[in-house]
Each structure stands twice: as C-alpha cells, then as structure tokens.
Amino acid sequence: MEALWESSPQTASELTRTLRPTTKWAENTVRTLLTRLIEKGALTTSKNSSGTFTYLPAINREACVRAKGESFMQRIFGGAAKPLLVHFAQNSKLTPAEVRELKKILDQTLKP
C-alpha cells in the first residue's frame with residue numbers, strides 16, 4: 001500500500017520492481033497480495049492504454065492506519081485503549097519530547 005500511496009497507478013510488474021529490493025518478492029507473490037487487497041476493498045483496478053491492469057488505492061493512508069489500529073486494539077486488548085497505551089508507554093523507548101507530545105494529545109481529548 002505504501003508504494004501505491006507514494007505513486008499510483010502502477011502495474012503488478014512495476015510494483016514488483018519497486019518492492020523487490022526490500023521484500024525479495026516474486027511477481028506472483030505481489031499479484032496474490034494485490035488480489036487480496038482488491039477483495040478487501042483497499043485497491044481498485046483500471047486498464048492503462050496498453051490494456052494492462054493498473055492498481056490504485058481505494059482508501060487513503062490515514063483511513064487504513066485507523067482501521068488497522070482499531071482492529072489491533074480489538075484483537076489484542078479487547079477494544080480497551082488504556083491497556084494498549086500502558087503497554088506502549090512501558091515498553092517503548094520514548095524521548096522526553098515524545099512524552100510531552102503524548103501528554104498534550106491526551107490533555108486535548110479531555111477538553112469539551
């Protein structure tokens with residue numbers, strides 16, 4: 001998805017060339033992933049001028065991250081935010097600046 005958010009539309013071959021240096025995936029693997037993302041509604045397809053299928057994100061990055069975050073919180077923490085936040089606060093190496101930023105975000109959620 002990151003590769004398509006960065007540059008789209010792309011063909012399966014183009015995506016394979018983009019992803020291969022970091023993933024070592026074969027084109028068949030990329031095509032399988034693309035099919036699954038289409039089935040989930042994350043991608044749409046069209047054909048380019050030569051008739052080759054191209055792939056485009058059907059959702060933006062922010063919506064995808066939000067949905068995945070909610071799914072993770074539901075599966076791992078039973079939907080409860082507090083245990084999730086406690087876990088990450090205790091197990092992450094947060095800088096003082098990151099802690100201040102998180103406190104500010106939490107304070108803003110309390111304001112009416």
Closest approach of L34 to A12 (non-hydrogen atoms, all atoms of both residues)
CD1-CB, 3.9 Å
Quick one: closest heavy-atom pair of M73 and L84, and the distance?
SD-CD2, 4.1 Å
Quick check on the hydrophobic clustering: are F53 and L33 connected, directly or via other members, by side-chain heavy-atom contacts under 4.5 Å?
yes
At their closest point, which heavy atom of A26 faces which heavy atom of T16, and how far apart are they?
C-CG2, 4.2 Å
Would you tell me whether T11 and T54 have side-chain atoms, one donor and one acceptor, within less than 3.5 Å of each other?
no
Between CZ on residue R36 and CD on residue E39, distance to nearest 0.5 Å:
8.0 Å
So, E98 side chain and T95 main chain: donor-acceptor pair closer than 3.5 Å or not?
yes
Report yes if the side chains of I38 and T44 come closer than 4.5 Å at any heavy-atom pair, otherwise no.
no
I'd like to know if the side chain of T52 reaches the main chain of N48, judged simply by a donor and an acceptor atom lying under 3.5 Å from each other, with no hydrogens or angles considered.
no
Determine yes or no for a side-chain-to-main-chain donor-acceptor pair under 3.5 angstrom, with T18 supplying the side chain and E14 the backbone.
yes
Are the side chains of W5 and C64 in contact, using a 4.5 Å heavy-atom criterion?
yes
Could you tell me whether the side chain of T29 and the main chain of W25 form a donor-acceptor pair under 3.5 Å?
no
For A58 against G41, the heavy-atom pair lying closest together:
CB-O, 3.3 Å
CD of E62: more than 12 outside heavy atoms within 6.0 angstrom?
no
As a quick check of understanding, evaluate salt bridge (charged side-chain N to carboxylate O under 4.0 Å, His left out) for E70 and R66, giving each step before the final call.
CA-CA 6 Å; E70 289 171 5; R66 185 180 313 109; 5.2 Å; no
Side chain to side chain contact (heavy atoms under 4.5 Å, CB included) between Y55 and L4, intermediate numbers included:
CA-CA 8 Å; Y55 302 87; L4 287 170; 4.2 Å; yes
Could you check whether atom CD of E101 has more than 12 heavy atoms from other residues, nucleotides or ligands sitting under 6.0 Å from it?
no
Kindly give the heavy-atom pair with the smallest separation between E27 and R20, and that separation in Å.
N-NH2, 3.9 Å
Looking at T22 and L19, would you say the former's side chain and the latter's main chain have a donor-acceptor pair under 3.5 Å?
yes
Is there a path of hydrophobic side-chain contacts, each under 4.5 Å between heavy atoms of I, L, V, M, F, W or Y residues, that connects L102 with V86?
no
Take the angle between the ring planes of F77 and F72 and call it parallel below 30°, perpendicular above 60°, tilted in between.
perpendicular
T109 (side chain) donor-acceptor with L106 (main chain) under 3.5 angstrom
yes
Any donor-acceptor N/O pair, Q10 side chain to L56 backbone, under 3.5 Å:
no
Side-chain heavy atoms of M1 within contact of L43, under 4.5 Å:
yes
